[in-house]
**Student:** 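This structure is in structure tokens; I'll ask about it shortly.
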Amino acid sequence: MRVTICDVGPRDGLQNEPETLPPATRAELVNRLAVANLPRIEAASFVRAEAVPQMAGAEDVVRAIERREGTEYSGLALNVKGYERLVASGLDRVNFTLAATDSFSRRNANQSVAEARAAAADVLERSELPVTITISVAFGCPFEGKVDPGVVAELAGGLPGAEVVLADTIGVATPRQVRQLVERTHAPGVHLHNTRNTGYANAVAAFEAGATLFDASCGGLGGCPYAPRATGNIATEDLVYLFAGDGVDTGIDLDALIATSEWLEGVLGRRLEGQVYRAGAWAG
């Protein structure tokens, strides 16, 4: 069986770094990931620069990308204005985020859940590009606590035509919870954080429940500026290694992916959270 991995490092990974990398460097990260045969890369975020300065210059990033056949390039939007910027940039796919709680939605997108749902419906109706809707804080909210799975299922069921991704934004989910929510919503995708060291077990649970799309971030970079103590995503190379060992095809060049994380370690000047890029691949 084959799964699709979307590397969100250039967006979700870098948005939580203390320094802001120039657009050319962020585009180089996208290009290196494409050389590693990533089937999908989240290349940029179309948000206000004053809100998330690490994501400033999204259009400059997109212009500097060297498009590679076989890779789909997506971008993040939180509202209709961001969607319009994304479409004008020439990317291939829209990733629109919709929070499961009002508190997080207001912090992250300055709108209520009802307003965000209306914006998502507008995007789905207007878009000629494929649309992914990521439901953030689907398992737990830093401000409201545990999220009712029924609320998430109702949100997921009201998004006709969208590819739905369930996000464990603050890394609180456990495998049973992930398995049950994927089965209940039939969501094809998950976005998992390893904040409490359950991210990889959750990925296996999601796969066993039928998920075929997995967000991950090179080197395990990431977090959310609006979620206290929300540390990194699951590392792309760690997830590729896990799937390969279990006979699940990703189509990704693990050696090239490891080299990308090694390069990124040098760019950021610190050790990254991922394990495989430091331990190396093993063919035993």
Side-chain angles (χ1 to χ4, degrees), residues 4-36 38-98 108-110 119-120 123 126-134 136 162-163 165 167 169 189 191 213-219 221-226 232-233 236 257 260-261 263-264 267-268:
T4 298
I5 294 179
C6 175
D7 195 297
V8 299
R11 196 280 301 176
D12 196 20
L14 294 180
Q15 74 174 8
N16 214 42
E17 288 297 303
E19 68 267 41
T20 299
L21 298 183
T25 303
R26 284 146 53 198
E28 183 174 356
L29 173 58
V30 173
N31 293 336
R32 286 173 178 266
L33 290 168
V35 168
L38 263 296
R40 192 184 296 185
I41 302 169
E42 192 175 51
S45 178
F46 294 84
V47 296
R48 291 181 297 110
E50 60 269 28
V52 188
Q54 297 90 335
M55 293 291 101
E59 287 84 356
D60 294 332
V61 173
V62 176
R63 279 191 291 268
I65 292 172
E66 299 170 2
R67 295 296 183 98
R68 188 177 178 89
E69 187 176 353
T71 296
E72 183 182 56
Y73 300 86
S74 68
L76 177 76
L78 299 177
N79 51 43
V80 173
K81 184 176 180 179
Y83 159 76
E84 291 171 345
R85 286 178 60 199
L86 189 160
V87 172
S89 77
L91 287 175
D92 304 320
R93 173 178 289 270
V94 178
N95 182 14
F96 196 91
T97 296
L98 170 68
N108 192 52
N110 196 31
V123 166
R126 294 169 54 182
S127 184
E128 296 182 3
L129 298 175
V131 179
T132 298
I133 303 287
T134 298
S136 58
E163 174 187 71
V165 171
T169 310
H191 175 107
L213 170 65
F214 297 81
D215 285 355
S217 176
C218 53
L221 284 180
C224 177
Y226 300 99
N233 298 271
T236 310
L257 185 56
T260 298
S261 290
W263 168 82
L264 188 56
V267 169
L268 297 175

**Student:** Side chains of P23 and E59: closer than 4.5 Å at any heavy-atom pair?
**Tutor:**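 In short, these two side chains do not touch, never coming nearer than 4.5 Å.
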**Student:** Is there a side chain to side chain contact (heavy atoms under 4.5 Å, CB included) between M55 and L14? Walk through the geometry before answering.
**Tutor:** CA-CA 8 Å; M55 293 291 101; L14 294 180; 4.1 Å; yes
**Student:** So which heavy atom on I41 is nearest to which on A34, and how close?
**Tutor:**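 It is CD1-N, 3.5 Å.
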**Student:** Taking the side chain as everything from C-beta on, heavy atoms only, tell me whether V61 gets closer than 4.5 Å to P10.
**Tutor:**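 Of all side-chain heavy-atom pairs linking P10 with V61, none is under 4.5 Å.
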**Student:** Using the rule side-chain contact (heavy atoms from CB on, under 4.5 Å), only one of N95, V131, L213 pairs with E163; which is it?
**Tutor:**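 That would be L213.
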**Student:** How many angstroms lie between atom CG of L98 and atom CG of L78, to the nearest 0.5 angstrom?
**Tutor:**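 Spacing of CG (L98) from CG (L78) equals 10.5 Å.
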**Student:** Quick check for you: to the nearest 0.5 Å, what is the distance between T20 atom OG1 and Q54 atom CD?
**Tutor:**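 The distance works out to 4.5 Å.
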**Student:** Can you see which heavy atom on A77 is nearest to which on G82, and at what distance?
**Tutor:**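 Residues A77 and G82, closest heavy atoms: CB-C, 3.7 Å.
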**Student:** Contact between Y83 and V94 at the side-chain level, heavy atoms closer than 4.5 Å - yes or no?
**Tutor:**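 The answer is yes, as the side chains (C-beta and beyond) meet within the 4.5 Å cut-off.
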**Student:** Could you check if a side-chain atom of E84 sits within less than 4.5 angstrom of a side-chain atom of R126, using non-hydrogen atoms only?
**Tutor:**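 Yes, close enough: below the 4.5 Å cut-off.
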**Student:** Is R32 salt-bridged to D7, going by a charged N under 4.0 Å from an acidic O?
**Tutor:**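 No, R32 and D7 are not salt-bridged.
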**Student:** What's the shortest heavy-atom distance between R11 and E42, and which atoms?
**Tutor:**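 Nearest heavy atoms, R11 then E42: NE-OE1, 2.8 Å.
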**Student:** Does one side chain, of T4 or R40, offer a donor that lies under 3.5 Å from an acceptor on the other?
**Tutor:**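 No donor-acceptor contact under 3.5 Å links the two side chains.
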**Student:** Heavy atoms, side chains only, cut-off 4.5 Å: are S45 and V52 in contact?
**Tutor:**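 With C-beta onward as the side chain, the pair stays apart.
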**Student:** Any donor-acceptor pair under 3.5 Å linking the side chain of T169 with the backbone of S136?
**Tutor:**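 Answer holds: no.
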**Student:** List the steps and the verdict of side chain to side chain contact (heavy atoms under 4.5 Å, CB included) for K81 and F46.
**Tutor:** CA-CA 9 Å; K81 184 176 180 179; F46 294 84; over 6 Å; no
**Student:** Quick one: are L268 and L221 in side-chain contact, heavy atoms under 4.5 Å?
**Tutor:**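 A side-chain contact under 4.5 Å exists here.
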**Student:** Out of curiosity, F96 CZ to T132 OG1, how far, rounded to the nearest 0.5 Å?
**Tutor:**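 Nearest 0.5 Å value for the CZ-OG1 distance: 12.5 Å.
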**Student:** Can you confirm whether more than 12 heavy atoms, excluding those of E50, are under 6.0 Å from its CD atom?
**Tutor:**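 Correct, the count exceeds 12.
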**Student:** Do the side-chain N and O atoms of N233 and D12 include a donor-acceptor pair separated by under 3.5 angstrom?
**Tutor:**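 The criterion, which ignores hydrogens and geometry beyond distance, is satisfied for D12 and N233.
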**Student:** Contact between V30 and E66 at the side-chain level, heavy atoms closer than 4.5 Å - yes or no?
**Tutor:**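 Sidechains of E66 and V30: no contact.
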**Student:** Would you indicate whether the side-chain heavy atoms of L33 and L257 approach each other to under 4.5 Å?
**Tutor:**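 SC-SC contact between L257 and L33 confirmed.
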**Student:** May I ask you to establish whether R67 and Y73 are in a cation-pi arrangement, using a distance under 6.0 Å from NZ or CZ to the six-membered ring centre and at most 45° from the ring axis?
**Tutor:**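 Pair R67/Y73 counts as cation-pi.
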**Student:** Counting only N and O atoms by type, is there a donor-acceptor contact under 3.5 Å from the side chain of S74 to the main-chain atoms of R93?
**Tutor:**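 It does not hold such a pair.
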**Student:** What verdict does the side chain to side chain contact (heavy atoms under 4.5 Å, CB included) test give for L129 and D92, after you've listed the backbone C-alpha separation in whole Å, the side-chain angles of each residue and the deciding distance to 0.1 Å?
**Tutor:** CA-CA 7 Å; L129 298 175; D92 304 320; 5.8 Å; no
**Student:** Kindly compute the distance separating OG1 (T97) from CD1 (I133), expressed to the nearest 0.5 Å.
**Tutor:**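 So the gap between those two atoms works out to 8.0 Å.
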**Student:** Provide the closest heavy-atom pair for S89 versus V62 in the form atom of the first, atom of the second, distance.
**Tutor:**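 Taking S89 first and V62 second, the nearest heavy atoms are O-CG1, 3.5 Å.
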**Student:** Rounded to the nearest 0.5 Å, how far apart are NE2 of H191 and CZ of F214?
**Tutor:**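 That separation rounds to 13.5 Å.
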**Student:** Give, for atom CG of L76 and atom CG of L86, the distance between the pair rounded to the nearest 0.5 Å.
**Tutor:**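 Between L76 CG and L86 CG, I get 8.5 Å after rounding to 0.5 Å.
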**Student:** Keeping T71 on the side-chain end and L38 on the backbone end, is there a donor-acceptor pair under 3.5 Å?
**Tutor:**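 Yes, T71 side chain to L38 backbone: donor-acceptor pair under 3.5 Å.
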